[in-house]
Amino acid sequence: MSQIESSKGMFIDTTLCHGCKACEVACKQWNDIPANPAPSLTGNSYDNTGGLDGQNWRHVKFIEDISDDRSDTRWLFLSDSCKHCTLAGCMSVCPTSAIIRTEFDTVYIDHDTCIGCKYCITGCPFGVIGIGDLSGTAEKCSLCYDRLQVGQEPACAQACPTDSIEFGDVTDLVAMAKQREQQLVASGNLKAKLYGDSDILGGLNVFYLLQDTPEKYGLPSNPQMPQKNMLGGYWSSVFSLFAVGLVSLLSFRSYRERKLLEENTTKSA
Amino acid sequence: MYSYELMQLKSPDFPFIIIFDLFIGGIAAGAFLVTALLLAFGGKFNKAGLHRAYYVTMGLLPIYGLLLILKLDKKERFVNVMWQFRDGNIMINWDSPMSLGAWVLNVFGVFALVSVLYALKKDNLLQFSWAKKLYAIATYLHEGKLAKVYLSVGAFFAAWFSMYLGILVTTSSLPAWNATPLIPTLWIISAVITGVSVVILLLLFTNRGSQLDESIQRLDNIVKSVIVLNIAMIIVFVIALGQWSETVTRDIFGILLWGGVVVVGLLVPLLLKLKPNLLGVKNSLIFSSVLVLVGGFILRYVVMIGPMSFW
Ligand code: SF4
Ligand code: SF4
């Protein structure tokens, strides 16, 4: 495990995103990820990517928010990726420690160590990871680890024309985000709220300023570490083991007593 | 306002081979668990032939391991689970049930190996002169002063092995798999009845005298009681799933769970065991044991594939 030099991350201001998908393209280009097969129409609004997976490390969500009486409509956009969680479920369940924390406090998949067991896919509470077609191993956003190592910002952040994706030190980004949140609330956008501050999984290094509830953006309101049930699983197993052991031994021994009873009954008859 | 609660969570799409693997792993563990417990704490009653359960465990464990490796996308790297090449260390991640499970499998494998040597010695099969010492150690561990300790520790690892894949799916973000901590419990109970059923079949088909009859009947007694426990546990499990119960009770999964597992795989065998005259004692034993196996397989299919296919 490397020493953390400084926590790098991203602040995604959804109010500034206009859904141009430049980040998606930049990500694919920099990381040499093949283009999606064309035409790949999902039938879900203008979204032809579908979701995050091994072939799409960044995904711009297009959410058509229409009021019940259909008189009011608006677009919500969210440029989504791995959140580089402080408490990363994917990392904690990996059986080969192929998922590591880098010196930038980001979460990185070592493709040479990954065995493709897919356990991390279920470990991530955001559905981020997928198996990459080319590598055949688990893949997700690396926060452009190779670029960070040479002092560059991630490709998506550089490509974003509206600065909706801000890259930097997490502490600076949080301060910037809080200020922006206050600004928005003061100007009447009462639902504006940070998602991924220290309240979620110890803090997400890639966090969001949302204009509505997390659920509306397809984000879980209360994501949990996959281990939340592990202790319960062990305890219920121990309990059932006692039950099974006891039942087995009692049944095994009771056979003898029944036989004896049968023999005695036959004799006395 | 419309709410776009897009469920992004992904299924790991574990292949069918994993269901089969869970099934045979359960049999291997269940057979060992019950045998070790009975040999250690079964009293002074007739235990003829019980040691043959070790053939079942040793026969299935290598297949289990092989299928587990075949399931990996990078099969050739399976050693990475035991050895961290990057840092040159032994690989163990205490937070990861898969990492712990791999070690448990190996330790359990050692117990299975020692125990099968004991079975070979007892049955006078494959007696290699160069392995005399090994046979002697295996016999000592089963019949000597340390027998209870050895068998208890072996049973402990068998139990851990039988439930770790349950812990593994419970430790995930997939709703239904993580809605209750009861899947490992289901796995242990099912492992016991399927494991013992296979041992019963083995004893039945290798029974040339009557000395095994008592052991078979006793094992059958165990299956009867654990079947009741299994039915109760399935009901508790479905209730505990709450809003996610639909993942295992909808459409074909519901038919398989209630019809295939509970009725065909548990209630019919129980009836046959309680009323052996319906088909004759031997036929009832064979038929009910086979049905228990079918039910055990379907249970794993429903609990694994149901939630996975919900997305
Ligand atoms: S968002 Fe998912 S993949 Fe990314 S660090 Fe967190 S748990 Fe891992
Ligand atoms: S940080 Fe790099 S890898 Fe991650 S989404 Fe942006 S461009 Fe892709």
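All chains are named by letter (A, B, ...) in the order of the sequence lines, taking the proteins before the strands, and each is independently numbered beginning at 1.
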message: Counting only heavy atoms from other residues, nucleotides and ligands, does the tally under 6.0 Å from CH2 of A:W75 exceed 12?
response: yes
To the nearest 0.5 angstrom, please state how far the [atom1] atom of [X] sits from the [atom2] atom of [Y].
X: B:I222; Y: A:S251; atom1: CD1; atom2: OG; result: 6.0 Å
X: A:S237; Y: B:I183; atom1: OG; atom2: CD1; result: 11.0 Å
X: B:L38; Y: A:L249; atom1: CG; atom2: CG; result: 6.0 Å
X: B:D13; Y: A:K118; atom1: CG; atom2: NZ; result: 6.0 Å
X: A:T96; Y: B:K74; atom1: OG1; atom2: NZ; result: 13.0 Å
X: A:C114; Y: B:D73; atom1: SG; atom2: CG; result: 8.0 Å

What part of [X] is in contact with chain B, defined as an atom under 4.5 angstrom from a non-hydrogen atom: side chain, backbone, both or neither?
X: A:D53; result: both
X: A:C124; result: backbone
X: A:Y234; result: both
X: A:I131; result: side chain
X: A:T73; result: neither
X: A:V128; result: backbone

Heavy-atom contact with chain A under 4.5 Å, split by part of [X]:
X: B:S162; value: neither
X: B:L72; value: both
X: B:Y164; value: neither
X: B:W187; value: neither
X: B:A102; value: neither
X: B:L100; value: side chain
X: B:F41; value: both
X: B:N93; value: side chain
X: B:V81; value: both
X: B:I188; value: side chain

Close side-chain approach of [X] and [Y], heavy atoms under 4.5 Å:
X: B:K71; Y: A:C117; result: yes
X: A:M91; Y: B:D95; result: no
X: B:R86; Y: A:S97; result: yes
X: B:L33; Y: A:L241; result: yes

task: For each of B:M163, B:M82, B:M233, B:E76, tally heavy-atom pairs with chain A at distances under 4.5 Å, and name the one with the top tally.
output: B:M163
Residue, of B:A159, B:P97, B:S11, that accumulates the most heavy atom pairs under 4.5 Å with chain A: B:P97
- prompt: Ignoring hydrogens and geometry, is there a side-chain-to-backbone donor-acceptor pair from A:S236 to B:T185 under 3.5 Å?
  reply: no
query: Would you say B:K10's side chain and A:G127's backbone share a donor-acceptor pair under 3.5 angstrom?
result: yes
- request: Under 4.5 Å, heavy atom to heavy atom: which of residues 165-174 of chain B reach chain A? Give them by number, or say none.
  value: B:I167, B:L168, B:T170, B:T171, B:S172, B:S173, B:L174
- request: Only pairs at least two apart or in different chains count here, so list each ring pair (Phe, Tyr, Trp, His ring centres under 6.0 Å) that has a residue in residues 110-129 of chain A.
  value: none
query: If you count heavy-atom pairs under 4.5 Å with chain B, which of A:V93, A:I115, A:T113 comes out on top?
result: A:I115
